[in-house]
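See structure below.
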Amino acid sequence: MGGKKVCIVGSGNWGSAIAKIAGSNAARLSTFENEVKMWVLEEEVGGRRLTDIINTEHENVKYLPGHKLPPNVVAEPDLLKACAGADILLFVVPHQFIGKVCDQLKGHLKKDAVGVSLIKGVDEGPDGLRLISDIIHEKLGIEMSVLMGANIASEVAEEKFCETTIGCKNRQHGQTLKELMQTPNFRVTVVQEADTVEICGALKNVVAVGAGFCDGLGYGDNTKAAVIRLGLMEMIGFAKLFCKGPVTSSTFLESCGVADLITTCYGGRNRKVAEAFAKTGKSIEQLEKEMLNGQKLQGPPTSAELHRILKTKNAVEKSVSALPTSNQLGRKGLLDEAPYHCPTRSCRS
């Protein structure tokens, strides 16, 4: 892969933060073309088109204000024009919309293009679970990888040190993607368990909703820690139940696993809105509008999808008492003692 053209499909706060990284690296590395297109769903901000603002002021003033984008990042409102000729496509749209995006792109991409999903969510499929990367692959026929990690967009844009995980089954492509994404402040680890990496990115948002409920109800740090630990155990069991490939404990110790879980349960938007939900009683939809400036939550819709998926495996009525203890984990290892159980009330309601 040399002189590759990069396109970012999406321009919310996370998409814009990633554009800052990918644009800077593309500008300095001969591996990539200098210009990086970013597809922007056109809207007006202060009477001006958002794409015009981005292309003249090099700032996404609505979704990532206060952070300059590299001048080689070009906002494009036409999806097909943005993606034309792209060798690497970074998908960063809410998971509810990925199907429509792919339907528009079908038949218009290079056959040897490589896609990377930064989308945190899952969908239903004939076997229960359907990963977002699988949806993109099935609709567009391109090879897919994923990027997930403890990456709050504003902190990434501020260049505060953090880590992320790329799940890529093709070693050569994994190294090229690492070259595109890594900076001194954004450390990338590449692993081959792409399905596990993606499942971590989706499920941690559900746990974060539970952590937000704890905060909103004033249950304290002990209860919140228990929710996070039990949530991690459920993530491990879920991955064992649904992943097509191997599932090893080391992947859960990467940024996509325990680190992303901790970050989201203390600083993410799902936790924040869930806390407000518990305190105010307002609907999730209303709180989204009031608190997120056009962004979407992933935790609540993902939890509903997970409930339907788990019903296909008769896994929604298990007891929390069946979960392994710390001593059991120490004796037999993380994954040997982690059958899937779903003890939370959200799985039964």
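Everything quoted here is computed from the prediction, not taken from an experiment.
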request  = Going by the side-chain contact (heavy atoms from CB on, under 4.5 Å) test, name the single residue among Thr164, Thr189, Leu147, Val190 that passes it with Lys178.
outcome  = Val190

Heavy-atom pair of closest approach, residues Lys204 and Asp260 = CE-OD2, 3.3 Å

Flag side-chain contact, heavy atom, 4.5 Å: Met144 against Ile135 = no

message = So which atom in Ala150 and which in Ser255 form the shortest heavy-atom distance, rounded to 0.1 Å?
response = N-OG, 3.0 Å

Distance-only check: which donor-acceptor pairs under 3.5 Å involve side-chain atoms of residues 76-85, not counting sequence neighbours?
residue, atom, partner, partner atom, Å
Glu76, OE2, Asp78, N, 2.8
Asp78, OD1, Leu80, N, 3.0
Asp78, OD1, Lys81, N, 3.0

key: Non-hydrogen side-chain atoms of Pro301 and Gln96 separated by less than 4.5 Å   = yes

task = Determine which pairs satisfy side-chain hydrogen bond (donor to acceptor under 3.5 Å, both in side chains) with at least one residue from residues 216-227, sequence neighbours left out, and list them in order.
result = Asp215-Lys224

ask   = Does Thr176 use its side chain to pair, donor to acceptor, with the backbone of Gln172 at less than 3.5 Å?
value = yes

request  = Report yes or no: does Asn55 contribute a side-chain atom to a donor-acceptor pair with the main-chain N or O of Ala75 at less than 3.5 Å?
outcome  = yes

request  = Evaluate the side-chain contact (heavy atoms from CB on, under 4.5 Å) criterion for residues Val156 and Trp14: first the C-alpha distance (whole Å), next the side-chain angles of each, then the deciding distance (0.1 Å), finally the verdict.
outcome  = CA-CA 9 Å; Val156 172; Trp14 186 214; 3.9 Å; yes

query = Taking the side chain from Asn25 and the backbone from Leu180, do they hold a donor-acceptor pair closer than 3.5 Å?
reply = yes

task = Might you work through the side-chain contact (heavy atoms from CB on, under 4.5 Å) test for Leu203 and Phe238, ending with a clear yes or no?
result = CA-CA 9 Å; Leu203 269 60; Phe238 189 96; 3.6 Å; yes

ask   = Taking the side chain from Lys68 and the backbone from Glu57, do they hold a donor-acceptor pair closer than 3.5 Å?
value = yes

ask   = Are Gln298 and His95 close enough that a side-chain donor and a side-chain acceptor fall under 3.5 Å?
value = yes

ask   = Is it true that Tyr63 and Leu297 fall in one hydrophobic cluster, defined by side-chain heavy atoms closer than 4.5 Å?
value = no

query = When rounded to the nearest 0.5 angstrom, what is the spacing between OG in Ser117 and CD1 in Ile132?
reply = 6.5 Å

message = Just so I know, are the side chains of Lys120 and Glu198 near enough to count as touching, which here means a heavy-atom distance under 4.5 Å?
response = no

request  = Any chance you could measure Lys37, atom NZ, to Leu89, atom CG, to the nearest 0.5 Å?
outcome  = 12.0 Å

Exam field: side chain Gln182 to backbone Val188, donor-acceptor pair closer than 3.5 Å = yes

request  = Verify the distance criterion only: is there a donor paired with an acceptor across the side chains of Glu143 and His137 at less than 3.5 Å?
outcome  = no

query = Atom SG in Cys7, atom CH2 in Trp39: separation rounded to 0.5 Å?
reply = 10.0 Å

message = Contact between Ile166 and Val116 at the side-chain level, heavy atoms closer than 4.5 Å - yes or no?
response = no

ask   = Hey, does the side chain of Asn34 reach the backbone of Ala26 with a donor-acceptor pair shorter than 3.5 angstrom?
value = no

ask   = Can you list the residues that meet the salt bridge (charged side-chain N to carboxylate O under 4.0 Å, His left out) rule with Lys311, with sequence neighbours excluded?
value = none

ask   = Is Lys289 salt-bridged to Glu285, cutoff N-O under 4.0 Å?
value = no

task = Starting at CD of Gln286, measure out to CE of Met291 and round the result to the nearest 0.5 Å.
result = 11.5 Å

ask   = Are the side chain of Ser16 and the backbone of Ser11 linked by a donor-acceptor contact shorter than 3.5 Å?
value = yes

Close side-chain approach of Asn60 and Pro65, heavy atoms under 4.5 Å = no

task = Quick one: closest heavy-atom pair of Gly23 and Val36, and the distance?
result = CA-CG2, 4.1 Å

inquiry  = Nearest 0.5 angstrom please: Asp52 CG to Glu44 CD, how far?
reply    = 10.0 Å

task = Might you confirm whether atom CZ of Arg187 has over 12 heavy atoms from other residues, nucleotides or ligands at distances under 6.0 Å?
result = no

request  = Answer yes or no: is there an ion pair linking Glu275 with Lys279, defined by an N-O contact shorter than 4.0 Å?
outcome  = yes

Residues Glu155, Lys160: salt bridge by 4.0 Å N-O rule = no

ask   = Are Ile119 and Phe242 connected in a single hydrophobic cluster, I mean Ile/Leu/Val/Met/Phe/Trp/Tyr linked by side-chain heavy atoms less than 4.5 Å apart?
value = no

ask   = Ion pair present between Glu43 and Arg49, side-chain N to carboxylate O less than 4.0 angstrom?
value = no

inquiry  = side-chain contact (heavy atoms from CB on, under 4.5 Å) for Ile236 and Phe252? Distances and angles first, verdict last.
reply    = CA-CA 8 Å; Ile236 294 167; Phe252 289 91; 3.7 Å; yes

ask   = According to a 4.5 Å side-chain heavy-atom criterion applied to Ile, Leu, Val, Met, Phe, Trp and Tyr, with indirect links allowed, do Val209 and Ile262 form part of one hydrophobic cluster?
value = no

Heavy-atom check, side chain of Phe277 versus side chain of Ile284, under 4.5 Å = yes

query = Met38 versus Ile54: any side-chain heavy-atom pair under 4.5 Å?
reply = yes

Donor-acceptor contact below 3.5 Å, side chain Glu59 vs main chain Leu64 = no

query = Does a side-chain heavy-atom distance below 4.5 Å link Ile199 with Met235?
reply = no

ask   = Does any N or O in the side chain of Glu193 come within less than 3.5 Å of the main-chain N or O of Thr248, such that one atom is a donor and the other an acceptor?
value = yes

inquiry  = Count I, L, V, M, F, W, Y as connected when their side-chain heavy atoms are under 4.5 Å apart, and connections chain through other members. Are Ile88 and Ile142 then in the same cluster?
reply    = no

query = Do you know which two heavy atoms are closest between Val9 and Val101, and how far apart they sit?
reply = CG1-CG1, 3.9 Å

Whether Thr165 side chain and Cys256 backbone form a donor-acceptor pair below 3.5 Å = yes

request  = Go through Lys20 and Glu159 one step at a time and tell me if the salt bridge (charged side-chain N to carboxylate O under 4.0 Å, His left out) criterion holds.
outcome  = CA-CA 10 Å; Lys20 184 177 179 182; Glu159 300 183 3; 3.8 Å; yes

ask   = Does a salt bridge link Lys282 with Glu290, judged by any charged N lying under 4.0 Å from a carboxylate O?
value = yes

inquiry  = Do Val114 and Val197 land in one hydrophobic cluster if side-chain heavy atoms of ILVMFWY residues count as linked below 4.5 Å?
reply    = no

Spacing of Glu158 atom CD and Ser154 atom OG [to the nearest 0.5 Å] = 5.0 Å

request  = Please report the C-alpha distance between Arg271 and Thr264 in whole Å, then the side-chain angles of each, then the deciding distance to 0.1 Å, and finally whether the side-chain contact (heavy atoms from CB on, under 4.5 Å) criterion is met.
outcome  = CA-CA 7 Å; Arg271 186 220 63 81; Thr264 308; 5.9 Å; no

key: Closest heavy-atom pair and its distance - Cys162, Phe186   = SG-CD1, 3.4 Å

ask   = Do you know which two heavy atoms are closest between Lys110 and Ala86, and how far apart they sit?
value = CD-O, 3.6 Å

query = Is it true that Glu35 and Lys5 make a salt bridge, defined as a side-chain N closer than 4.0 Å to a carboxylate O?
reply = no

